[in-house]
Amino acid sequence: MSTEHLISLSIPTLTPEDTGTHALDLMDEHKITELPVVSNDAYLALIKESDLMDWNTPGNALSTAPFLNYKPAIPASAHPFEVVRIMSQLELNVLPVVGDEQKYLGCVTKDTLLKHTAEYTGINNPGGIIVLEVAPRNYTLYEIARICENEDVSIVNVQVYTTEDGMLEVTLKLNRTGLSAVVSSFERHSYVVQAVYGEEQNREDITNKYNLLMNYINM
């Protein structure tokens, strides 16, 4: 899937002739903090609410503003992961999408991106999650997948994060919630299981609550 499929046409655009006050009103109406400036279908700049708030003459046309040189954008053919990277780095809620010759095609919003991420990564699918702690030299996705497959469990998604101490935190989204067998298998292969979210966790919670109830009854 390319970024083109994430374009939202619900975000209004500004023109160079619009005033800063009008831009602020639109941002307030649509509950967003950035709006693109477009002229003759060409993308010119991205206006941020914070810049408008600091502008001494918001009643003037945007063409006179000193911050029209801010032009973050992404090609329609780019992968959505690149959208995530740019929006995260620049802390944007809206990212313009452009075609050939900077033609404005629309925007990707944070809400649209979040929905896509949930669907694309399999988060919306039923199943549990296991988090492993692995030394970089010991990380082998093939072996992790083999352990899961041996327990008739499929990996829906894998996320790898490097912690401050240099270890890898490997998060596995699996297609089953009953994870006790695969957890035991990981432990037999000397993997450190940091956390489990699924049937096993629910069973542990129920057991803890039952023990608390028994302790209360026996008081």
Side-chain angles (χ1 to χ4, degrees), residues 1-125 129 131 157-165 169 171 173 197:
M1 177 183 285
S2 65
T3 298
E4 185 175 9
H5 295 87
L6 302 181
I7 291 176
S8 171
L9 300 178
S10 63
I11 302 299
T13 61
L14 299 165
T15 70
E17 292 74 31
D18 286 326
T19 66
T21 302
H22 176 65
L24 285 171
D25 289 342
L26 274 181
M27 289 179 183
D28 182 63
E29 178 183 346
H30 291 270
K31 309 303 179 187
I32 52 179
T33 55
E34 299 99 19
L35 279 177
V37 180
V38 178
S39 179
N40 297 322
D41 293 331
Y43 170 59
L44 301 182
L46 187 67
I47 300 295
K48 301 175 70 174
E49 182 183 47
S50 57
D51 289 332
L52 290 170
M53 297 294 289
D54 293 337
W55 193 19
N56 293 328
T57 55
N60 290 353
L62 293 172
S63 58
T64 66
F67 40 76
L68 285 186
N69 58 343
Y70 187 64
K71 305 177 181 182
I74 191 163
S77 59
H79 192 278
F81 282 1
E82 188 66 8
V83 181
V84 174
R85 184 187 67 81
I86 293 175
M87 293 185 73
S88 175
Q89 286 185 349
L90 300 181
E91 298 182 351
L92 296 176
N93 294 302
V94 169
L95 180 63
V97 181
V98 295
D100 296 335
E101 299 180 356
Q102 289 295 101
K103 181 179 179 180
Y104 177 76
L105 302 178
C107 285
V108 177
T109 67
K110 183 176 286 187
D111 288 344
T112 301
L113 187 59
L114 182 62
K115 181 180 178 181
H116 164 76
T117 301
E119 295 173 351
Y120 188 84
T121 60
I123 293 174
N124 285 343
N125 296 339
I129 294 172
V131 182
N157 185 264
V158 181
Q159 299 291 329
V160 181
Y161 170 74
T162 303
T163 63
E164 293 182 356
D165 58 0
E169 188 176 276
T171 301
K173 175 62 188 290
Y197 304 91

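Contact check for Met27 versus Leu35: side-chain heavy atoms found under the 4.5 Å cut-off. The shortest side-chain heavy-atom distance between Asp28 and Glu49 does not fall under the 4.5 Å cut-off.
Closest non-hydrogen pair, Pro36 versus Ile11, comes out as CD-CG2, 4.3 Å. Considering all non-hydrogen atoms of both residues, His22 and Leu14 come closest at CD2-CD2, 4.0 Å. In plain terms, the two heavy atoms of Trp55 and Asn60 that are nearest each other are CH2-O, 3.6 Å. When every heavy atom of Pro75 is checked against every heavy atom of Val97, the shortest pair comes out as C-CG1, 4.2 Å. Considering every non-hydrogen atom in both Leu44 and Lys71, the closest pair reads O-CE, 3.0 Å. Across Ala73 and Ile86, no two heavy atoms sit closer than the pair O-CD1, 4.3 Å.
Note that CE of Met87 and CG of Asn93 are 6.5 Å apart. Values are rounded to the nearest 0.5 Å. Separating the CG atom in Leu62 from the CG atom in Asp18 is a distance of 6.0 Å, to the nearest 0.5 Å. Distance check, rounded to the nearest 0.5 Å: CZ of Arg85 to CG of Leu90 gives 8.5 Å. Within the model, atoms CG of Leu95 and NZ of Lys110 stand 11.5 Å from one another, a figure rounded to the nearest 0.5 Å. Rounding to the nearest 0.5 Å gives a distance of 10.5 Å between CG of Leu46 and CG of Leu68. Here Ile7 contributes atom CD1 and Ile74 contributes atom CD1; the two are 10.5 Å apart, rounded to the nearest 0.5 Å.
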Quick one, Tyr43 with Thr13, criterion side chain to side chain contact (heavy atoms under 4.5 Å, CB included). Give me CA distance, side-chain angles, the key distance, then yes/no. CA-CA 10 Å; Tyr43 170 59; Thr13 61; over 6 Å; no

Could you walk me through whether Thr171 and Ile129 pass the side chain to side chain contact (heavy atoms under 4.5 Å, CB included) test, one step at a time? CA-CA 7 Å; Thr171 301; Ile129 294 172; 3.6 Å; yes

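The main-chain N or O of Ala78 is found under 3.5 Å from a side-chain atom of Thr3 such that the two form a donor-acceptor pair.
Checking Ser10 against Ser8 by side-chain atom types alone, a donor-acceptor pair falls below 3.5 Å. Under 3.5 Å, the side chains of Asp111 and Thr109 contain no donor-acceptor pair of N or O atoms.
Heavy-atom neighbours of Gln89 CD from other residues, nucleotides or ligands within 6.0 Å: above the threshold of 12.
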